[in-house]
Amino acid sequence: MEDLPTGVLLDILVRAGAWPEEGARPLGQGGARGQDDVYSALSVCRTWRDALKGSSFHMVGLLVAVHDGSRETALLRACATGHEGAARHLLELADGPRANCMDGKALEQAAQAGHISIVRLLLEYPRDAPRADSNNCEALLLTRHEPIKRLLQERLLAMLPHQTQGLVTQLPVQQHLEVIVKLVRHRRKMAGASGRSDYTGFTDGQVILLLRQQSRLRALQQEQAQVQAELEALQQEAMPQDQMQQQQQQVQQQQMQLQQLFAMLPFQQQHLVMDLPMAQRPQAIVQLVNHRRQMQAAAAQQRQEQE
């Protein structure tokens with residue numbers, strides 16, 4: 001473990017019972033110090049020196065000692081710091097921690113730190129392996145490392161029924177992560193996991209359709225905000241202040257009216273509107289709402305005639 005960070009090394013040495021040599025600078029003070037400086041500033045028995053400089057097998061013993069005999073905590077630290085050999089040895093101990101201990105916390109630590117080899121070790125461990133959806137898919141949501149994201153996303157997708165997988169893969173790639181995570185969480189809660197699903201009573205297809213619509217609605221709102229910003233920039237160049245404010249109010253009122261009309265449409269018609277180019281949406285919304293009003297008026301008149 002020659003590449004062990006000096007700060008971690010200091011922590012291990014002090015907790016393991018090392019003490020500063022007489023006349024040495026206080027630990028942690030002064031400039032950056034290498035491991036040789038740390039060794040020379042501490043009185044450490046030969047066994048501890050050999051363990052620190054030796055194999056991951058010895059590092060396991062140190063990690064266990066540092067954390068007061070808690071092998072689960074030692075596993076978390078080994079995963080977080082990228083010591084694959086230490087993590088593997090801990091898992092292989094007869095009385096060692098389970099790979100899925102603490103609801104998959106070790107997987108989260110390795111994923112967040114970007115140690116893909118340890119992520120694979122945990123997921124593929126033959127006994128008590130953590131699921132990719134442990135702790136509500138936190139490992140995937142915490143990591144910023146694309147290879148680990150892809151690995152965990154593939155594992156989560158494989159948990160879904162084959163038909164649902166096909167529906168997911170038809171979506172734009174940028175929507176996959178959100179849809180997969182929400183589907184997996186929904187299915188876990190419907191199967192009896194803690195908490196209540198936001199999509200109780202929905203099929204997988206309906207959940208995907210709703211999420212797709214929500215994504216498109218967010219995109220529409222972003223487009224509207226961009227158009228509004230561009231309009232304001234043009235107006236600032238060409239209009240007096242009072243006239244510009246009046247125009248802004250009119251635009252905002254039109255947007256609010258369109259949103260109210262859009263909310264009046266059935267779910268399927270909203271979906272059709274969102275598939276249209278942005279420039280065509282206002283006219284389509286108005287035409288659909290007018291058509292619905294005409295149909296409702298005709299139905300009301302027919303009921304009156306029958307009475």
Side-chain angles (χ1 to χ4, degrees), residues 72 75-82 84 87-88 90-91 97-219 267 271 274:
E72 288 188 348
L75 176 63
L76 296 189
R77 182 160 182 169
C79 292
T81 55
E84 182 181 353
R88 186 182 299 277
L90 279 165
L91 293 171
R98 293 176 290 106
N100 62 354
C101 67
M102 302 172 72
D103 196 17
K105 192 68 175 178
L107 179 64
E108 292 177 28
Q109 295 278 342
Q112 188 172 12
H115 304 305
I116 191 168
S117 61
I118 296 182
V119 170
R120 290 187 184 278
L121 168 67
L122 295 170
L123 289 174
E124 297 171 3
Y125 201 71
R127 298 187 310 276
D128 302 315
R131 292 164 52 102
D133 63 343
S134 298
N135 194 20
N136 271 329
C137 314
E138 278 300 300
L140 173 58
L141 299 177
L142 285 172
T143 187
R144 295 183 178 181
H145 301 269
E146 288 301 322
I148 295 178
K149 273 187 180 180
R150 288 194 296 271
L151 172 62
L152 292 172
Q153 194 168 297
E154 289 170 3
R155 294 297 180 108
L156 290 174
L157 183 62
M159 294 180 181
L160 300 173
H162 182 72
Q163 184 177 3
T164 303
Q165 293 180 30
L167 293 174
V168 171
T169 54
Q170 293 175 13
L171 298 173
V173 174
Q174 62 269 23
Q175 295 180 20
H176 285 187
L177 188 148
E178 178 190 10
V179 172
I180 290 171
V181 168
K182 289 191 174 181
L183 277 172
V184 169
R185 286 178 169 179
H186 165 66
R187 295 181 66 86
R188 277 171 57 90
K189 290 177 180 178
M190 294 299 293
S194 60
R196 182 179 181 277
S197 173
D198 295 331
Y199 312 106
T200 301
F202 283 47
T203 65
D204 287 351
Q206 289 172 331
V207 172
I208 291 173
L209 193 60
L210 179 59
L211 292 174
R212 184 182 179 188
Q213 182 187 18
Q214 290 173 346
S215 176
R216 289 181 173 177
L217 185 57
R218 288 195 299 268
F267 181 78
H271 180 66
M274 296 302 293

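If you're wondering where the values come from, they're calculated on a predicted model, not measured in any experiment. These numbers come from the heavy atoms of this one structure, side chains and all, not from hydrogens, waters or symmetry mates.
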Side chain to side chain, Arg185 and Arg188, heavy atoms closer than 4.5 Å: no
Salt bridge (Lys or Arg N to Asp or Glu O under 4.0 Å) pairs touching residues 157-168, sequence neighbours excluded, are none
So the salt bridge (Lys or Arg N to Asp or Glu O under 4.0 Å) pairs with at least one residue in residues 160-182 (sequence neighbours excluded) are Glu178-Lys182, Glu178-Arg218
Looking at residues at least two apart in the chain, or sitting in another chain, which of them share a side chain to side chain donor-acceptor pair (under 3.5 Å) with [X]?
{"X": "Arg212", "value": "none"}
{"X": "Ser117", "value": "Glu84"}
{"X": "Thr164", "value": "Asp204"}

Hits for side chain to side chain contact (heavy atoms under 4.5 Å, CB included) against Gln206, two or more places apart or cross-chain, chain-then-number order -> Phe202, Thr203
The side chain to side chain contact (heavy atoms under 4.5 Å, CB included) partners of Pro126 (sequence neighbours excluded) come to none
### Task
Begin with the C-alpha distance, continue with both residues' side-chain angles, and end with the deciding distance and a verdict on side-chain contact (heavy atoms from CB on, under 4.5 Å) for Leu75 and Cys79.
CA-CA 6 Å; Leu75 176 63; Cys79 292; 3.8 Å; yes
Query - Side-chain (His145) to main-chain (Ala111) donor-acceptor, under 3.5 angstrom - result: no
Check residues 151-163 and write down every donor-acceptor pair under 3.5 Å in which the side-chain atom is one partner and the other belongs to a residue at least two apart or another chain.
from	atom 1	to	atom 2	distance (Å)
Arg155	NH2	Glu124	OE2	3.3

Residues 99-109 vs side-chain hydrogen bond (donor to acceptor under 3.5 Å, both in side chains), sequence neighbours excluded, gives Arg98-Asn100, Glu108-Asn135
Taking every heavy atom of Pro97 against every heavy atom of Leu91, the minimum-distance pair comes out as O-CD2, 3.6 Å
| field | Leu209/Leu167 under side-chain contact (heavy atoms from CB on, under 4.5 Å): CA gap, chis, key distance, verdict | value | CA-CA 10 Å; Leu209 193 60; Leu167 293 174; over 6 Å; no
